[in-house]
Structure formats: C-alpha cells, structure tokens
Amino acid sequence: MKTRKISKLLSYALRHKPEAFQLDMDENGWVNLDQLITNVKLSGQIINLDLIQQAVVNNDKQRFRLDLANNRIRANQGHSVKVDLELSERIPPEFLYHGTSINTVQKIKEGGIKKMNRQQVHLSKDIQTAKIVGSRHGSPIVLIVAAQKMHDQGMKFYLSENGVWLTDYVHPDFIEFNKI
C-alpha cells in the first residue's frame, strides 16, 4: 500500500470515522496501534507498523503523531469527531492565512470562515502553505486574517503540533479579501 493511500486511510480512521474500523479512540484522539492494524486488516486492507511509520514520517503536512513508545497514534488536527488535543492557548502572529477556493469567497464575505464539519478553522502561518491548501478545492485564493486583532478582542488561538493555527471562527471584519 502506497504512503499516500495509507495517509488517506489514517485520516479517515483517526480524524473522521474511527467507528468504521471499530477503533477505541480516547478523549484525546489516541488509538492503539495494534488495534488499528488488526482492524484495518479485517477490512481487507494491508497495513503494518512499518507502513504506518513511513506514512507518519513522510506526510508532508505531518498530520499524524506516534507516541514515544510507538504504541498509539493520533491525528494532529482536522478532526470531525470530538477530541481534546490538549492544546494550550497561544498568541498568534499579526497575520495568518486561509487558503480556499475562489468559489467560496462570497460565502466567506457574508458569513466568515467557519469550521464547517471540523472542530476548528485551520489557518496557515505563511502564504505558500495556504495557497497549497486552497488549490485542493479548485482555483486557490489566499485570505489574510488579522489574527492579532482577533486575539486582542478575545478570540482564542491554538497551535497544533504540526504548525497549523486553529480557532473557532473568523468574522469577515478580520479578513482581507485581496487576492494573493
């Protein structure tokens, strides 16, 4: 099984549908590796510890994390299932960036950036990363978010282990809609 395919499988199992593989996910999103391997194999797919470790190390976005003992795995962010990633509130930089499709700009102008089916809104620290994220959804556009102003007005920000900034919502007043 290719690393990309393993990564997609891990995203599905650890971020969205642990029940599809009958995984016992704890409140912090951790899943026992042996259970993951066994249950994925029962679904007819080939997976092992070595393939999982390769997917964790080689994932360009560092979406997953193994515990120090290599007994458990979890996704770093992007969950649609409720988990507590135990992240501490952080002070964001002055600006963060949100990559999206040009087709969503009008909705964002009207209603802001919403978390949709995920636990939180994802923001990037740099324009290039945001552009890559936006290109997954069509013609990309990068929106500039006045993160420091949001924080000064009481919005909370968190930084995931792989460098993705998280918040609950971005009001349109804090978004610059110039095309980048």
Side-chain angles (χ1 to χ4, degrees), residues 4 7-20 23 25-31 55-56 59-65 73-180:
R4 182 175 163 98
S7 180
K8 286 184 176 275
L9 180 130
L10 292 175
S11 286
Y12 182 70
L14 300 175
R15 294 165 72 181
H16 306 297
K17 293 284 186 185
E19 68 275 10
L23 299 175
M25 180 179 284
D26 75 12
E27 67 275 3
N28 304 120
W30 291 104
V31 169
V56 170
N59 186 273
D60 60 337
K61 294 186 180 180
Q62 295 298 294
R63 284 190 172 113
F64 314 105
R65 176 177 168 217
I73 187 170
R74 79 173 180 185
N76 284 322
Q77 92 286 325
H79 297 81
S80 57
V81 296
K82 185 153 177 57
V83 297
D84 177 5
L85 295 175
E86 304 172 287
L87 300 175
S88 300
E89 187 177 345
R90 300 282 299 268
I91 297 172
E94 184 176 7
F95 298 105
L96 290 169
Y97 306 92
H98 183 74
T100 190
S101 164
I102 198 145
N103 299 331
T104 64
V105 171
Q106 190 56 42
K107 283 184 180 180
I108 292 173
K109 281 182 179 179
E110 294 167 4
I113 304 171
K114 300 175 184 176
K115 54 188 171 181
M116 306 305 278
N117 64 341
R118 296 192 182 192
Q119 277 193 214
Q120 293 172 308
V121 170
H122 295 189
L123 301 170
S124 302
K125 65 181 177 195
D126 61 81
I127 293 168
Q128 186 58 33
T129 301
K131 196 176 283 189
I132 291 167
V133 170
S135 67
R136 294 186 330 209
H137 308 289
S139 295
I141 184 169
V142 176
L143 307 176
I144 302 169
V145 175
Q148 186 64 60
K149 285 183 183 176
M150 285 178 60
H151 182 267
D152 291 347
Q153 293 190 23
M155 292 296 296
K156 294 180 181 179
F157 285 83
Y158 305 90
L159 184 60
S160 71
E161 292 197 32
N162 60 337
V164 176
W165 283 90
L166 306 169
T167 192
D168 288 333
Y169 170 71
V170 180
H171 191 278
D173 291 348
F174 296 103
I175 303 170
E176 189 176 318
F177 289 93
N178 294 337
K179 292 182 182 180
I180 294 180

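FYI, the numbering just counts along the sequence from 1. Both backbone and side-chain heavy atoms feed into the values below; hydrogens, waters and symmetry mates do not.
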Evaluate the side chain to side chain contact (heavy atoms under 4.5 Å, CB included) criterion for residues V145 and W165: first the C-alpha distance (whole Å), next the side-chain angles of each, then the deciding distance (0.1 Å), finally the verdict.
-> CA-CA 11 Å; V145 175; W165 283 90; over 6 Å; no

With a 3.5 Å distance limit and no angle check, can you tell me whether [X] reaches the backbone of [Y] through a side-chain donor-acceptor pair?
| X | Y | answer |
| --- | --- | --- |
| N28 | W30 | no |
| T129 | D126 | no |
| R15 | Q77 | yes |

Could you walk me through whether H151 and E89 pass the side chain to side chain contact (heavy atoms under 4.5 Å, CB included) test, one step at a time?
-> CA-CA 10 Å; H151 182 267; E89 187 177 345; 3.9 Å; yes

Are the side chains of [Y] and [X] in contact, using a 4.5 Å heavy-atom criterion?
| X | Y | value |
| --- | --- | --- |
| L159 | K125 | no |
| I91 | Q148 | yes |
| F157 | L123 | yes |
| Y158 | T167 | no |
| V81 | P18 | yes |

For residues [X] and [Y], report the shortest heavy-atom separation together with the two atoms involved.
| X | Y | value |
| --- | --- | --- |
| K82 | Q119 | CA-OE1, 3.1 Å |
| P172 | I108 | CG-O, 3.7 Å |
| A20 | Y12 | CB-CE2, 3.7 Å |
| P92 | A147 | CG-O, 3.6 Å |
| A130 | V142 | CB-CG1, 3.8 Å |

When rounded to the nearest 0.5 angstrom, what is the spacing between [atom1] in [X] and [atom2] in [Y]?
| X | Y | atom1 | atom2 | answer |
| --- | --- | --- | --- | --- |
| K149 | D173 | NZ | CG | 10.5 Å |
| H122 | H98 | NE2 | NE2 | 10.0 Å |
| L87 | Q120 | CG | CD | 7.5 Å |
| M155 | D168 | CE | CG | 6.0 Å |
| I73 | L10 | CD1 | CG | 5.0 Å |
| L14 | R63 | CG | CZ | 12.0 Å |

Stepwise, does the side chain to side chain contact (heavy atoms under 4.5 Å, CB included) test hold for L85 with S160?
-> CA-CA 8 Å; L85 295 175; S160 71; 5.7 Å; no

Going through the distances and angles, do Q153 and H171 end up as a side chain to side chain contact (heavy atoms under 4.5 Å, CB included)?
-> CA-CA 12 Å; Q153 293 190 23; H171 191 278; over 6 Å; no

Count the heavy atoms of every other residue, nucleotide or ligand shown that sit under 6.0 Å from NZ of K61, and state whether that count exceeds 12.
-> yes

How far apart are the C-alpha atoms of N76 and Q62, what are their side-chain angles, what is the distance that settles it, and do they pass the side chain to side chain donor-acceptor pair (under 3.5 Å) test?
-> CA-CA 8 Å; N76 284 322; Q62 295 298 294; over 6 Å; no

